[in-house]
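Okay, structure first, notes after.
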2 protein chains.
Amino acid sequence: MIIFKKNVILPVFCENLPHMLNNYSKEDKVLLAVDCIIFGFDKEELKILLIKRDFEPEKGKWSLMGGFLKRNETLDDSANRILHHLTGFHNIYMEQLYGFSKVDRDPAERTVSVAYYALINIEEHNQELIEQYSARWFSISEAPKLIFDHDQMVNHAIRRLRYRTSNKPIGFELLPEKFTMRQLQKLYEAILDEELDKRNFINKINGLDILIKLTEKDMSSSRKGSFLYQFDKEKYDKKVEDGFTFKI
Amino acid sequence: MIIFKKNVILPVFCENLPHMLNNYSKEDKVLLAVDCIIFGFDKEELKILLIKRDFEPEKGKWSLMGGFLKRNETLDDSANRILHHLTGFHNIYMEQLYGFSKVDRDPAERTVSVAYYALINIEEHNQELIEQYSARWFSISEAPKLIFDHDQMVNHAIRRLRYRTSNKPIGFELLPEKFTMRQLQKLYEAILDEELDKRNFINKINGLDILIKLTEKDMSSSRKGSFLYQFDKEKYDKKVEDGFTFKI
DNA sequence: TCAAAAGTGTTCACCGTACACCCATGG
DNA sequence: CCATGGGTGTACGGTGAACACTTTTGA
């Protein structure tokens, strides 16, 4: 057993340890950026929304949508603000990903960037705003090379999205409110990048018992038409309270 | 009363380089802290290493070990530096957790903190350094209330540790090089906070085929003695290359 | 000889997966 | 009437979980 000395504060300070200073004034400050990987789904493919950067450095190149943290906002606030600017929406699903901090990641100035990923219903984006930013949806496989370490951020986001969709029902954020089983399956196939068996998929989803089957049909995809479903958030929340864990 | 310097923005860089058309100069800069949740395991319980803060604000309270990011280092560098100061070791297993950014999280000054968690072999820590910092190991359940949002960081770290130990063999970082099956099981029980069946556990571990069973026995725990094992990193790495995924 | 921990296999239930045919409809 | 996508159920194997007794040896 290890014996600890209690309450001993040695007067000898380790000089190069920042926390030992009695105020923060000597510490370096940095610019803190927030960059957003914005995912959408267009019925077949997983896409990301990129902007054409209109300022130096790297002007004219494709980039994630980003901005800098302001003094009076949290990182989440900042990501929300950035997403709002580009899409016009509030309450977008988003999650903090990771902090990227290579010293020379931005050649203009030392900047640390915290990446967020967001999920939006691709049908609802605001076309005007997107044009204002020269933004464009790219399927993941056809996306251009991005500036700085943004490609790395995107890869990180895809990994996280895969993990997250398999234990939280966030996939629905990428779909319209009403969707067919087929669309849901295609979405999961796009995210997981693998084909799924139709019957097993439907059995699994129905087994979760968190969808409402509507009487309406979507007649656009076939002659027979396919039933529309809705995510039942209330039911899901209740089940989670009772110990249910989403798993797909 | 100590007066802290406010966030003074010095737009020197950009003013001296007018050809660089970036608009970074108007942006706020922040102090970027790195705080480390350091886990250890003492054969029975999962523990964290806390320090008694010896400067204002919150002097004398228990806190995570932390520091500030320096201009010329990455977040990982910074975490490594901080861990090295407290433990004397390099090459400690660590992983970035999450960025905490509540505007008033540190009452002294606007600070964003990126939390890291680290795993160390509790038997190898440097007693002198730990005393210098008035540091102490606390079992998770008996840890005191921490300053700022550090409790939240710890909770986050425990969740991540649980997840990570179930898909990467990082548990071994917390054990001595040679360990018994019993110790390994106790470790997993401590991390997952649930009891495991001895036979099932051993079958599962043996099924992974990533341990070397030594001929040595640990005679300290019983009259019969129990065989010692070692993690076979080479074998594990080879298996991973061949598509093996650790899962426990 | 007894106490205390080490070590060892089998059975069963459930879940994930593979797999094929009929239905409804518009053209 | 036919082409197209929609919708449905079962069988099998593998994995995870439950479960109890023997071995060793120092005191």
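Note that the coordinates shown come from a computational prediction; the quantities given were computed from them, not determined experimentally. Naming convention: chains lettered A, B, ... in sequence-line order (proteins, then strands); numbering from 1 in each chain.
- Which of D:dC19, C:dT17, C:dC19 sits closest to the side chain of A:R199 comes down to C:dC19.
- Sorted by residue number, the members of residues 205-232 of chain B with any non-hydrogen atom under 4.0 Å from DNA chain D read B:R223, B:K224.
- Ring pair B:F41/B:F39: centre-to-centre distance not below 6.0 Å.
- Taking the six-membered ring for Trp, B:F244 and B:F246 have ring centres at least 6.0 Å apart.
- Contact check of residues 183-196 of chain A against DNA chain C (heavy atom, cut-off under 4.0 Å) returns no residues at all.
- Judged as a ring pair (Phe, Tyr, Trp, His ring centres under 6.0 Å), the pairs with a partner in residues 164-185 of chain B (not counting sequence neighbours) are, in order, B:F172-B:F179, B:F172-B:F231.
- Other residues, nucleotides and ligands place no more than 12 heavy atoms under 6.0 Å from the CD atom of A:E195.
- The side chain of A:N200 approaches D:dG9 more closely than any other nucleotide in the set D:dG6, D:dG9, D:dC19.
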Using the rule given for salt bridge (Lys or Arg N to Asp or Glu O under 4.0 Å), can you reason through B:K239 versus B:D209, listing the C-alpha separation, both sets of side-chain angles and the distance that settles it, and then say yes or no? CA-CA 9 Å; B:K239 288 175 79 109; B:D209 188 31; 3.7 Å; yes
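- The two residues A:L75 and B:G99 have their closest heavy-atom pair at CD1-O, 3.9 Å.
- By the 6.0 Å and 45° rule, B:K217 stacks over the aromatic ring of B:F227.
- No hydrogens or angles were tested; on distance alone, a donor-acceptor pair under 3.5 Å links the side chain of B:K198 to the base of C:dG7.
- Taking all atoms of both residues into account, the shortest heavy-atom contact from A:L174 to A:I120 is CD2-O, 3.6 Å.
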